[in-house]
Novice: 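Got a structure for you, written out below as structure tokens; questions coming shortly.
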Amino acid sequence: MKDGVCPKCKSEEIYVDDSGPHGIVMPLSLLKNIFTRLYACAKCGYLEFYIQNKQDIEKISSKFQKVKGNI
């Protein structure tokens with residue numbers, strides 16, 4: 001969705017609120033949270049969240065459990 005196209009309905013009516021941290025806040029430690037940015041499709045209502053800070057993305061693998069696929 002960050003490319004401006006909805007992966008569900010292929011609409012280009014994608015909107016994001018850049019006024020500050022919104023959406024889901026994930027706890028990284030007692031004093032540190034990971035803030036996300038919400039992207040929304042105005043045609044079908046599909047939502048996606050992205051982590052705002054690139055340094056926080058690198059910390060995800062050490063803090064959270066990896067999802068195991070069915071391969």
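The chain is numbered in sequence order, starting from 1. Because the structure is a prediction, the values reported are computed rather than measured.
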Novice: After noting the C-alpha distance and the side-chain angles of Thr36 and Gln52, does the key distance pass the side-chain contact (heavy atoms from CB on, under 4.5 Å) rule?
Specialist: CA-CA 5 Å; Thr36 60; Gln52 290 182 331; 5.7 Å; no

Novice: Drop me the distance from Glu48's CD to Lys8's NZ, to the nearest 0.5 angstrom.
Specialist: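 The NZ atom of Lys8 is 8.0 Å from CD of Glu48, to the nearest 0.5 Å.
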
Novice: Flag the pair Tyr46 / Pro7 as yes when at least one side-chain heavy-atom distance between them is below 4.5 Å, and no otherwise.
Specialist: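 In contact.
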
Novice: Once rounded to the nearest 0.5 Å, what's the spacing between atom CD of Gln65 and atom NZ of Lys68?
Specialist: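 The distance works out to 7.0 Å.
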
Novice: Kindly indicate, with the supporting measurements, whether the criterion side-chain contact (heavy atoms from CB on, under 4.5 Å) is fulfilled by Leu38 and Leu47.
Specialist: CA-CA 7 Å; Leu38 170 67; Leu47 305 172; 3.8 Å; yes

Novice: Assess Lys2 against Tyr39: is NZ or CZ under 6.0 Å from the centre of the six-membered ring, and within 45 degrees of the ring's axis?
Specialist: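 No, Lys2 does not sit over the ring of Tyr39.
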
Novice: How far does CG of Asp3 sit from CD of Glu12, to the nearest 0.5 angstrom?
Specialist: 9.0 Å

Novice: Answer yes if Phe64 and Ile51 sit in the same cluster of Ile, Leu, Val, Met, Phe, Trp and Tyr residues linked by side chain heavy atoms under 4.5 Å apart, and no otherwise.
Specialist: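 Same cluster.
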
Novice: Show the numbers, then the answer: is there a side-chain contact (heavy atoms from CB on, under 4.5 Å) between Cys44 and Cys6?
Specialist: CA-CA 9 Å; Cys44 72; Cys6 177; 3.7 Å; yes

Novice: Could you tell me the separation between the CE atom of Met1 and the OH atom of Tyr15, rounded to the nearest 0.5 Å?
Specialist: 11.5 Å

Novice: Could you tell me the separation between the NZ atom of Lys54 and the CD atom of Glu58, rounded to the nearest 0.5 Å?
Specialist: 9.5 Å

